[in-house]
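Keep in mind it's a predicted model, so treat the numbers as computed, not measured. Atoms within each ligand, like the ligands themselves, are counted from 1 in listed order.
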Amino acid sequence: MRELPKTYDPKAVEQRIYDMWLEGGYFHAERDPAKKPFTIVIPPPNVTGQLHLGHAFDETIQDVLARYKRMQGYSTLWLPGTDHAGIATQIKVEEKLRGEGKTRFDLGRDKFLDEVWAWKDQFGSRILKQLRTLGCSCDWDRLRFTMDDVCAKAVREVFVSLYEKKLIYKGKRIINWCPKCTTALSDAEVEYIEKPGSLWHIRYPLSDGSGDVVVATTRPETMLGDTGVAVNPADERYRDLVGKTCILPLVNKEIPIVADEYVDMAFGTGCVKMTPCHDPNDFEVGLRHDLDQVLILDGEARIINGGKYNGMDRYDARKAIVADLEAGGYLVGIEDHLHNVGTCYRCHSDVEPLASDQWFVKMKPLAEEAIRVVEDGTIRFVPDRFSKTYLNWMNSVRDWCISRQLWWGHQIPAWYCSDCGHTTVSREDAVVCEKCGSSHITRDPDVLDTWFSSALWPFSTLGWPEKTEDLAYFYPTDVLVTGYDIIFFWVARMIFSGMEHMKREPFRTVLIHGLIRDPQGKKMSKSAGNGVDPIEMIDRFGADALRFNIITGNSPGNDMRFYVERCEAMRNFANKIWNAARFVMMNLTIGQNGLPDKLELEDKWILSKLNTLSKEVCDNLDHYELGVAAQKIYDFIWDSYCDWYIELTKPRLTGADPESSVNAQKVLLYVLTETLKLLHPFMPFITEEIYQALPHEGDALMIQSYPAFAPSLDYPEDEANFEAVMTAVKAVRSRRAEMNVPPSRRPHLIIVTSRGGVFRGGEAYLKKLAFAGEISVTDAAPEGTENMVSVVTDDAVMYMPMAELVDLDKERERINRELDKNRKLLEGQNKKLANESFVARAPAAVVAVERDKADKLVTLIANLEETLKTLG
Ligand SMILES: [Zn+2]
Ligand SMILES: [Zn+2]
């Protein structure tokens, strides 16, 4: 048996324990037909990212579940990996190049990609190391990367097969364009924010000089791209105008007036300007009426095809155009207007809707199965309310724009023939046009949305499209753990991808957690400077403390506030366990773990409590109530085991009866060992370290069986009886503490109860722990209770003669002094509150505080007067 050092030092332990687990191969999942599989795929963090608290939250939950299931005998696979994170990684490398005065275009595509791979090699293992620091029990033999060969093959297969099924197409559509990231975005990547703006009313003169129409817009610069004006066909006011033309001011171009039911007669003037290249609705109207398409913005949102405004930034152009409209007498009016502006989720620039040739996934047919499996409960969201969020989105899902104007990512496998115009989409890199055989083909330069590859993660990581044994054994996965912020980006897309390509749901349960916020409830961010670095927390308090803080502060689906002080409290908890283990070890003369034949009441009590705890913890974990489970273990260790049971055994350990001492040791060791098992998934390092030092069987704690309810250790009656006595002890103790009674005073304790047997059986405990002298157990109230202190619990009223607790004269004197002091204070307080100018001038909150002080004094004085009476 190894001795534990005096204090627990996580730094000296964690790395060594993790290496021991690695060497034992305990993280590796074997396909074992005799066992049930349990699979979690990690939400792949960005390959060049750093661990932040959000990750720590996510990964700790997964590690708790993985360790729990592994100990329950499942063949548990927690599959790790990283995401290439298209935009995020490319931006980082571009920033680095900018520092060297270069752009990606200076290098060209191939050299630039070399740079990104080098960057990935340099920083790609950082986050994986950090996951190890946190204690994650991932199967590192199965590490994947969204751009490795296995995943790339899956991406290629999915793209080509969807294209063959006509579920992927290329088309000109209005997409969301970020002028800062210079790429298309999917709908899910646009965040709508309400911003104050203006509504400009502009007059367009009719070509025949017979009058004008007035249109309204929040983006006046888009008028440069107007190619028509639309009215509702049912609108009497404009019936005569349909078919006529008007003159587009500043541009001086004749544009048609068309009738289309899309126009809302009640909105504004009922005349709507049509800008097909910059508005999704106008685009559709334009197609119906064959309107011209004029694109007026380039990729960085500067004006093109706009005459004298060419080259101007969109907002400068807006100012210039409004000024020119006003000068030309075209501006009819300006109103303040609050509108929803789409912004880029990554850089927060205003997004421009613009017409562009892009690749899309046709969503309606794919959504059907994705809706069914959530509606019929094949896939369950925890908490359930998020299934509604998911279904709302899936029911109104639009086609998914999957092409991105980036270089880092999976390049689209489409080749365009310059001879016949055919597009070749192929599983192998094409060298000739599949239609005419020409070698004059060029590959589409764009890459796929990063989420296109992460959508395949639950099966691409297991080797799909090959029919691997891993896939057969570990798919579908069991639980997906993720934040509510990526339900649309990721969860939804994994579900329809799994249903389409595997014909099976990718996971059975989606466990949704909230975000971690600062103590004020604000979102943590680098720019706000309120972020907390999890690695720093681990350095200061140990990985176990960080993990336990995260888990106990959390309930599914809800945001949590992160308090550094709670990490400190959890480190204190770790120390408490450490000290308890050291105490047990120092008193151990036995070399083996096993329960004694003869059990005292307190032994039955702690064993029965442990048994109940095991049952409840499993039940909580099965229902994903990790925080509740952790809190119960915490309370058991701190209160029941350390504060009560250890104290109760001390006299036995040092007493004259060797059998009683050995029996106490056996129960102490047994309960400690089982408790370490229960706690292991939450605090893996310290529990393993202690386990290794205790007499134990088997190699590592992490592969021992998780405690479960054992009928042979169920003593509900003894447990309840002992609890009743303990409650009485606690109540007497706290009353004595209130009255400052030293332990040397041992008064007569009269217990009035209908459960006489229970309290008679507990007399020894009451004498020892409640410092009672003589004890009388009775079912009728004694005489003279007016001079006694009473203490009440659920099943007993206890009396102690006042004179035996305190020195009556001294006590009367003390209370009278207290009364004098407090009466004076109250007088002063009342004077203050009677002062009208104070009450009138001081802030209401200050006055309330003063009132409160006075109220408290009144209560205190009443209590003191009451006590004085009982002293006689
Ligand atoms: Zn952006
Ligand atoms: Zn061709």
Original post:
Would a line drawn from the ring center of His513 to the ring center of Phe57 be shorter than 6.0 Å?
Top reply: yes
Taking all non-hydrogen atoms of both residues, which atom of [X] and which atom of [Y] are closest, and how far apart?
{"X": "Pro44", "Y": "Trp457", "result": "CD-NE1, 3.5 Å"}
{"X": "Ile127", "Y": "Gly49", "result": "CB-O, 3.7 Å"}
{"X": "Trp177", "Y": "Pro179", "result": "O-CD, 3.4 Å"}
{"X": "Ala88", "Y": "Asn46", "result": "CB-ND2, 3.9 Å"}

**OP:** Please work out whether the ring planes of Tyr169 and Phe360 are parallel, tilted or perpendicular, with thresholds of 30° and 60°.
**Re:** parallel
Subject >> Within-2.8 Å protein N/O/S contacts of the Zn ion (ligand 2) >> reply: Cys417 SG, Cys420 SG, Cys433 SG, Cys436 SG
Original post:
Among Lys273, Arg318, His278, which residue meets the side-chain hydrogen bond (donor to acceptor under 3.5 Å, both in side chains) test with Thr222?
Top reply: Lys273
**OP:** Run through the protein N/O/S atoms less than 2.8 Å from the Zn ion (ligand 1) and write them out by chain and number.
**Re:** Cys178 SG, Cys181 SG, Cys344 SG, Cys347 SG
Original post:
Relative to Phe145, does Lys120 satisfy both conditions: NZ or CZ under 6.0 angstrom from the six-membered ring centre, and within 45 degrees of the ring's axis?
Top reply: yes
**OP:** Could you tell me whether Lys172 and Asp357 make a salt bridge, using a distance below 4.0 angstrom between a side-chain N and a carboxylate O?
**Re:**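 A salt bridge is absent here (no side-chain N lies under 4.0 Å from a carboxylate O).
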